[in-house]
Participant: 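After the structure tokens below, expect a handful of questions from me.
Throughout, a chain's letter reflects where its sequence line sits, starting with A, and its residues are numbered from 1.
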Amino acid sequence: MKKKSGLKLNSLAKIDFRSYTMIIALLALWIILSLLTDGAFLTPRNLSNLFRQGSVVAFIAIGMVLVIAAGQIDLSVGSLAGLAGAMAALAQVRWLPAIASRTGVEWIASGWPATIIAVFIAIGCGVILGGWQGLWIAYGRVPAFIVTLGGLLIFRGSILGLTRGVNIAPMDPTFQLLGQAYVPASLGAWLGAFAVALILLLSVYSRINKKRHGFPVRALWIQALVTVIICSVVVLFVVKMNQFRGIPVPVIMLLALAAVFTFVTNRTQFGRYTYAIGGNSEAARLSGINIKKNILWIFMVVGAMSGVSGAVLTARLNVATANAGNLFELNAIAACVIGGTSLVGGEGSIPGAMIGALIMASVDNGMSLMNVESFWQQIVKGLILMTALLIDVNSRRTED
Amino acid sequence: MNKYFPGTQALDNVNLDVYEGEIHAICGENGAGKSTLMKILSGVYSHGTYEGQIYYQGNEVKFANVKDSEQLGIRIIYQELTLVPHMTVADNIFLGAEPSRCGVINQNELFSNTEQLLKTYNLDIPYNARVGALGIGQQQMVEIAKALSGNASLLILDEPTSALTIEETNVLMGILRDLRASGVTCIYISHKLDEVFEIADRITVLRDGQVIDTSDIEGLDQNKVISLMVGRELTSQYPPRTKNIGDITFEVKNWTVAKAGNVSRPVVKDVSFDLRKGEILGVSGLMGSGRTELVQSIFGEFGKRISGELVLDGAPVEIRSSQDAISHGIALLTEDRKNTSLVLKHSVLANATLASVKDLLRWRVIDPNKELSITYEYKDRLQIKAPTIHTIVNDLSGGNQQKVAIAKWLLTEPKILIMDEPTRGIDVGTKYEVYRLMNELTSEGVSIIMVSSELPEILGMSDRILVMSEGSVAGIVDNHNVSMETIMMLATKGA
């Protein structure tokens, strides 16, 4: 019995240890990069750029958490993001003007209507093609690794076929806002205040609610400390961003989607089933879970996220290129693994993956600031992915 | 031979001595420290991670790893077999010790060595068969042969019969007797006291990491050992029950099931039976008699390869998947807790609510208050011993894991609860609690179909007993003065 309780304490400590190490690793990385760049890394301007660039992969990482937690993998996300971005660009640059001139409906070819249509095309393209792969995986029983490896080639090939290798540009100014605009400082401040108020409210409410139902609660000082830390991070983030031009629009979109999907993973049937399937698919099936349908949905979600990512990328660069989204799958998978998602399935969190994405983006950005040649960047990122897995696999190995 | 080690975490000042050439049984509830003790003896826990000494053949030994203990002839055979299914018997037996020259395996020598080994110990297995094609019992023999090939002088068997049929168990007992005659020492760990009393020379009982008693088999009886294991006299292994049996609620008619690719030889043949409200129907039969397939097919496994009819409360129902079954109020507690019943890496809470998440929704979102309170309710009701409901199920003992699995199904509020081997691998105390729970459920009107290969359990718990033999019903008998022999005769009579 003594040994049992010892084990339990250990495993609890381990979980906390994991999430703390992630945050500590991020802070350590920032300090190192800041020292190596004489402080250039931590300037508001650079941080703003870093978040804006990192958000593109982070959208995909949200979906990838679900995929990996369900014990699957998706290697096609980068190509799919590229294809979705290219479709959006083609819609704005070629298709909508062509339709407009043929039908005389001029208003669809520019401004917000054109942007909304382009965004729908990008996301729709992601959902449909993600779902198409999901059908192969769930109902065709082909391993996800193979299906999405095929998808990677098919989508990349489709981009080349559609664009003939030519850059598709320029996008409508309203579309560019998706990737380039900033939330005005005053609105940003209000949003920050709103977020802080919400966090405080939820923290107090959950405590009161738990007490009322007689559920155990954490020690008051721990909960207070955690709440205060989260609120300070929010405040610091808003202040830093406002010191430059305000919070970048894609970052706000990312935070909103991350919050929504954190809720989905924790509090919906779909989320629960996803983790159960990855944890033990046989037990999940025998508990009455429709595994095929769930997996199909997961691939539609990751497809949608790839679509969003592609649209934001095209908007930020104001051009769709044939190699857009290249190696995003690696960055997204790395973000998940660094963030504690288990590659054998059943475990993983979206906040963790967001921190993982931030670590990957920081490495990218920091090395660019230091003028490290691009071949070194690739080598370093490959090593980081391998090291993250090394730590992941070995910290999970139990005594039994 | 003498082994002595005071004070590890899970073991407290344990003294155990095993005589050469004896079969020494070790009994104890789950978590009593049996596995820890065995892991120390076999070198899984290296010297220095525990306090105390081990003496083997008069000398103190310090194992750094399993290789060290194997070199001295100590071999352990685990509950789960560790063979490579795609390789032949010979390949498996000499895996890692193949007769070879410059890395090239000498096939002839390999086969002749294997044949000789199998002959020496009267093991009736073809040396060139693929291990995956053998039955569990034969695979276990391969495992034993593998241990013996390394000149084992001390064989440790951990629950060796948990997956064996009665005939296979008898064969194993014979082999162990032969081994004893040829001077091999055995440590035999088992829950099944019948076997222990059949074969062991001496018994050591462990409880809470301490040795309670070591004595010769003469002068002991099963009740005595059970009371030593649980630390109290068990008046009865089966709690009393006030019967409250109602009308027929569920009927299975002309039920025939075939496995994929083998439609001509069904595994369940023309089975018909009925089930009353509040009744416990025991399903008995040898391994491979179609018991498990029968209950799985009722739960919607095997999809369309089924003919026959299910009638629930007078209306015919169509069940083609586990979703269908659950929505009709049928639950199946599977026999394989770790692989098909629980998500081991998830919490008590996540496992308990897995099959009933949809009942916890409010506006399509899980209501955390409802979820927490219902999980606490069932944790209390089933007395699940876990530090919190967020504890990972893998960290619980087998008995508590089984309780979590049962809680999962009770949360779906089943009308018909099918339990396949509900007490396999759990300790005596927890078994009693499971039985009491079953009684409680039947008094509330739940009907239970209990599949079990333990006859005492079938006789102790059932109202009626359905005996299966080669896929067919060999008989359905009321449980009045039925003897084990009657059941066994039905089970073995063949179709």
Participant: Mind ranking G271(A), A276(A), A283(A) by heavy-atom pairs under 4.5 Å with chain B and telling me who comes out on top?
Facilitator: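 Between G271(A), A276(A), A283(A), the count favours A283(A).
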Participant: Please indicate whether F263(A) has more than 12 foreign heavy atoms, meaning atoms of other residues, nucleotides or ligands, lying under 6.0 Å from its CZ.
Facilitator: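 Enclosed: over 12 neighbouring heavy atoms sit under 6.0 Å from CZ of F263(A).
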Participant: Find the one option among R364(B), E371(B), Q296(B) whose heavy-atom pairs under 4.5 Å with chain A are most numerous.
Facilitator: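 So the answer, after comparing R364(B), E371(B), Q296(B), is E371(B).
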Participant: Looking at N369(B), L361(B), V357(B), which makes the most heavy-atom pairs under 4.5 Å with chain A?
Facilitator: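 Option with the greatest count: N369(B).
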Participant: Would you compute the distance between atom CD of E293(B) and atom CD1 of I306(B) and round it to the nearest 0.5 angstrom?
Facilitator: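 Reported to 0.5 Å precision, the distance equals 11.5 Å.
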Participant: Do you know which of G346(A), S281(A), G279(A), G278(A) has the most heavy-atom pairs with chain B at a distance under 4.5 angstrom?
Facilitator: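 Counting heavy-atom pairs under 4.5 Å, the top option is G346(A).
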Participant: Compare all side-chain heavy atoms of R362(B) with those of K370(B) and state whether any distance is below 4.5 angstrom.
Facilitator: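 With C-beta onward as the side chain, the pair stays apart.
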Participant: Nearest 0.5 angstrom please: Y376(B) OH to I389(B) CD1, how far?
Facilitator: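 Separation between the atoms: 4.0 Å.
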Participant: Tell me, for T353(B) versus chain A, whether the close heavy atoms (under 4.5 Å) come from the side chain, the backbone, both or neither.
Facilitator: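 Interface part for T353(B): side chain.
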Participant: Heavy-atom count check: over 12 atoms from other residues, nucleotides or ligands less than 6.0 Å from E413(B) CD?
Facilitator: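 Atom CD in E413(B) is not crowded, with 12 or fewer foreign heavy atoms closer than 6.0 Å.
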Participant: Are the side chains of L343(A) and V337(A) in touch, meaning some heavy atoms are under 4.5 Å apart?
Facilitator: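 Contact flag for L343(A)/V337(A) side chains = yes.
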Participant: Using non-hydrogen atoms and a 4.5 Å limit, figure out which bit of T340(B) sits close to chain A: side chain, backbone, both or neither.
Facilitator: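 Backbone plus side chain of T340(B), per the 4.5 Å heavy-atom cut-off to chain A.
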Participant: Please classify the contact between T334(B) and chain A as side chain, backbone, both or neither, with a heavy-atom cut-off of under 4.5 Å.
Facilitator: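 Contact with chain A involves the side chain of T334(B) alone.
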Participant: Which answer fits L372(B), side chain, backbone, both or neither, if we ask what part of it has an atom under 4.5 Å from a heavy atom of chain A?
Facilitator: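 For L372(B), backbone and side chain are both near chain A.
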Participant: What residue, out of R212(A), E282(A), R267(A), has the most heavy-atom pairs lying under 4.5 Å from chain B?
Facilitator: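 Max contact count across the listed options: R267(A).
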Participant: If the plane angle is over 60° it's perpendicular, under 30° parallel, otherwise tilted; pick one for W297(A) and F270(A).
Facilitator: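 Plane angle over 60°, so perpendicular.
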Participant: Who wins among P368(B), A331(B), S327(B), A325(B) for the most heavy-atom pairs under 4.5 Å with chain A?
Facilitator: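 Maximum pair count with chain A is reached by P368(B).
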